[in-house]
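Notes follow once the structure below has been shown.
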Amino acid sequence: MLKTLKFQWPAMLWALLVLILCDVPMSDVPGSSHFFEGFDKMVHLGFFFVLTVLLFYGKIKQQNSFEYRLLTIVKIVAINVCVGGGIEILQWKVFTYRSAEWWDFFSDMLGLGMGVFSYLLLHRKSRSLKTTSLRS
């Protein structure tokens, strides 16, 4: 357990920052005016893409390899669904000055999907490099 926490502290700090930023009143966030329609959704997507990448990074450092593991992906998806869903539930029930929206949750999951895709692409690339170097 402590070994996992040793490698996941950047992801935990990021998740805490995301939780705080998603639950404070927008009037308290400097420069929070929307630049364009849908800017909020892009922010959610970016938050969860970074969270996913940090979770994978911690797991890669813990394993000390890029080895592909389906269970790792399932765990990281579950963590992101819980964090994203938890934020929306908190906005709905506790921080009522913020609005809970399905589109925010969808954007969170889109960022998650982009992070998982990046991990799979990296795994595929590292795997093809191994087979190439073995042939040389």
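A continuous path of hydrophobic side-chain contacts links I79 to L21 [ILVMFWY only; heavy atoms under 4.5 Å]. When the side chains of ILVMFWY residues are joined at heavy-atom separations under 4.5 Å, either directly or via intervening members, F48 and Y57 end up in two distinct hydrophobic clusters. Residues L71 and V77 do not share a hydrophobic cluster, clusters being chains of Ile/Leu/Val/Met/Phe/Trp/Tyr side chains in contact below 4.5 Å. Taken together through direct or relayed side-chain contacts under 4.5 Å among Ile, Leu, Val, Met, Phe, Trp and Tyr, V81 and I89 form parts of separate hydrophobic clusters. Residues I87 and V94 share a hydrophobic cluster, clusters being chains of Ile/Leu/Val/Met/Phe/Trp/Tyr side chains in contact below 4.5 Å.
Between the side chain of Q8 and the backbone N or O of L55, at least one donor-acceptor pair lies under 3.5 Å. A donor-acceptor pair under 3.5 Å is formed between the side chain of R98 and the backbone N or O of V24.
With rounding to the nearest 0.5 Å, the separation of CG in L90 from CG in D23 is 5.5 Å.
Around the CZ atom of F105, the shell of radius 6.0 Å holds more than 12 heavy atoms that belong to other residues, nucleotides or ligands.
Side chains of H44 and C22 form a contact here, defined as non-hydrogen atoms less than 4.5 Å apart. Put simply, the side chain of F56 reaches to within 4.5 Å of the side chain of T72, judged on heavy atoms. Between K6 and K61, the closest side-chain pair of non-hydrogen atoms is not below 4.5 Å. Contact of the T52 side chain with the M114 side chain is not registered, since no non-hydrogen atoms from C-beta on lie closer than 4.5 Å. L19 has its side chain out of reach of V83: every pair of non-hydrogen atoms, C-beta onward, lies at least 4.5 Å apart. Considering only heavy atoms from C-beta on, F7 stays 4.5 Å or farther from I60 through its side chain. In this structure, L51 and N80 have side chains that are in contact, with non-hydrogen atoms separated by less than 4.5 Å.
Relative ring orientation between W14 and F47 is described as perpendicular, the plane-to-plane angle rising above 60° on a 0-90° scale split at 30° and 60°.
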Exercise for the section: Kindly determine whether K41 and D104 satisfy salt bridge (charged side-chain N to carboxylate O under 4.0 Å, His left out), including the steps that lead there. Expected result: CA-CA 6 Å; K41 307 311 177 239; D104 286 347; 2.8 Å; yes
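The shortest heavy-atom contact between S118 and F49 is OG-CE1, 3.6 Å.
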